[in-house]
Amino acid sequence: MNEPDLWMLSLNAFAAVVVLLSALALVLAALVRVFPADANPRAAEAAPDPAYEAAIRRAVEQVAPGARVTAVREVHEGGPR
């Protein structure tokens, strides 16, 4: 195999990769348009599990009788986001 053939093979392989990646990008863009993400991806996580909330309320009542839990929210490691 001489050098011009090697260069042509390399250029053809590069062109094939570019075409394939472009086609995949178009497919991905179409999928994103057909199935858009939620505006707030953490909306499902926003409401605490009722069992956890009840356990927290019960624990607070045992530690500080008469105390009232007004809100239960998740705080991520490193502080709130």
Side-chain angles (χ1 to χ4, degrees):
M1 192 181 234
N2 56 23
E3 281 192 46
D5 290 337
L6 181 60
W7 278 106
M8 287 306 293
L9 180 65
S10 298
L11 288 175
N12 284 338
F14 181 75
V17 168
V18 169
V19 168
L20 181 64
L21 289 177
S22 298
L24 288 174
L26 291 173
V27 168
L28 184 60
L31 285 173
V32 168
R33 285 197 174 96
V34 171
F35 303 106
D38 293 336
N40 185 2
R42 296 182 153 249
E45 298 176 15
D49 186 9
Y52 291 147
E53 191 171 344
I56 291 170
R57 289 182 193 278
R58 196 171 305 140
V60 168
E61 181 63 34
Q62 287 178 353
V63 172
R68 189 174 66 153
V69 176
T70 58
V72 177
R73 62 188 167 104
E74 180 179 0
V75 177
H76 295 279
E77 203 172 307
R81 292 185 186 181

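All values reported here derive from a predicted model rather than from experimental measurement. Atom set for the values below is all heavy atoms of this structure, side chains included, hydrogens, waters and symmetry mates excluded.
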Do you know the tightest heavy-atom contact between Glu53 and Val72? CG-CG2, 3.9 Å
Measuring from atom [atom1] of [X] to atom [atom2] of [Y], what distance do you get when rounded to the nearest 0.5 angstrom?
{"X": "Leu11", "Y": "Leu6", "atom1": "CG", "atom2": "CG", "result": "9.5 Å"}
{"X": "Glu61", "Y": "Arg68", "atom1": "CD", "atom2": "CZ", "result": "12.0 Å"}
{"X": "Asp49", "Y": "Ile56", "atom1": "CG", "atom2": "CD1", "result": "10.0 Å"}

Would Val27 and Val34 show up in the same hydrophobic cluster when neighbours are defined by side-chain heavy atoms closer than 4.5 Å? yes
Only residue of Val18, Leu26, Leu20, Leu24 satisfying side chain to side chain contact (heavy atoms under 4.5 Å, CB included) with Ser22 is Val18
For Arg58, give me all partners under side-chain hydrogen bond (donor to acceptor under 3.5 Å, both in side chains), at least two apart in sequence or on another chain. none
